[in-house]
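All remarks here apply to the structure that follows.
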Amino acid sequence: MEVVSLTAFYRQPERFYRWLRPLVQKMAAAEPNPAHHALAELEKLGRLQALLTQNIDGLHQKAGSKNVVELHGSLERLLCLNCRNTFPSKNFYPHFIANNVIPRCPACAAVLKPEIVFYEETLKPSTWDAAVKEAARADVMIIAGTSLEVWPVNSLPLYALENGAHLIINTLSRTHLDNQADILLNYEISDALPSIVRAILEG
Ligand SMILES: [Zn+2]
């Protein structure tokens, strides 16, 4: 929290990028898991309209998901806090990893910040609105791999419930909405989500 705050970033961007370095290295090598693939498959089958995620690693898109709302932003883009231009981070990270050169804006030379939501920051209004819109038109919402502890994302199921949606909760922990769920799946998401796809395919 101390590093991933706007105040700290403005004061010591080097410190933030030192913290980010192992994450970026891990991300470059990361591959989607069976849960990512299952969600992409559900969308391809026409059973999933939107994927609302707190993940910032871009793995849903790597698995083939198209309509992804990234509530906490993405490490895949860098934002200039001075001129507000955004850039794909893949143009900067290799240089950063190899030579420890902090990404700077090609237009104005200010330090670039990954387009993720920091502490002290609110979610991007257009992103939040898109998530609410998708939640409010859902007839089924699958809540997967979250204990629904982070506000305001944990309030999204309420918009679905208001629309009369069914809830399927797939997590190993308890959530504040367990008693509202139609189905509770206390299994690993990498097991449960592919099973849902298999059940659909087998009719
Ligand atoms: Zn700039």
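All ligand and atom numbering here is 1-based and tracks the order in the structure. Just so you know, residue 1 is the first one in the sequence shown, and it goes up from there. Quick caveat: nothing in here was measured; it's all calculated off a predicted structure.
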- Query: What are the protein N/O/S atoms, named by residue and atom, that sit under 2.8 Å from the Zn ion (ligand 1)?
  - Reply: Cys80 SG, Cys83 SG, Cys105 SG, Cys108 SG
- Just one of Glu134, Glu43, Gln49, His60 clears the side chain to side chain donor-acceptor pair (under 3.5 Å) bar with Asn67, so which one? Glu134
- Task: Check whether any side-chain heavy atom of Leu193 lies under 4.5 Å from a side-chain heavy atom of Tyr187, and answer yes or no.
- Result: no
- Message: I need the full list of salt bridge (charged side-chain N to carboxylate O under 4.0 Å, His left out) pairs touching residues 61-78, with sequence neighbours left out, sorted by first then second residue.
- Response: Glu31-Lys62, Glu70-Arg77, Arg77-Glu115
- Message: Could you see if Leu20 belongs to whatever hydrophobic cluster contains Leu81? Use Ile, Leu, Val, Met, Phe, Trp, Tyr and a side-chain cutoff under 4.5 Å.
- Response: yes
- Note on the structure: side-chain contact (heavy atoms from CB on, under 4.5 Å) test vs Leu112 passes for just one of Cys80, Ser89, Pro13, namely Cys80
- Query: Mind checking whether Phe92 and Val24 have side chains closer than 4.5 Å, heavy atoms only?
  - Reply: no
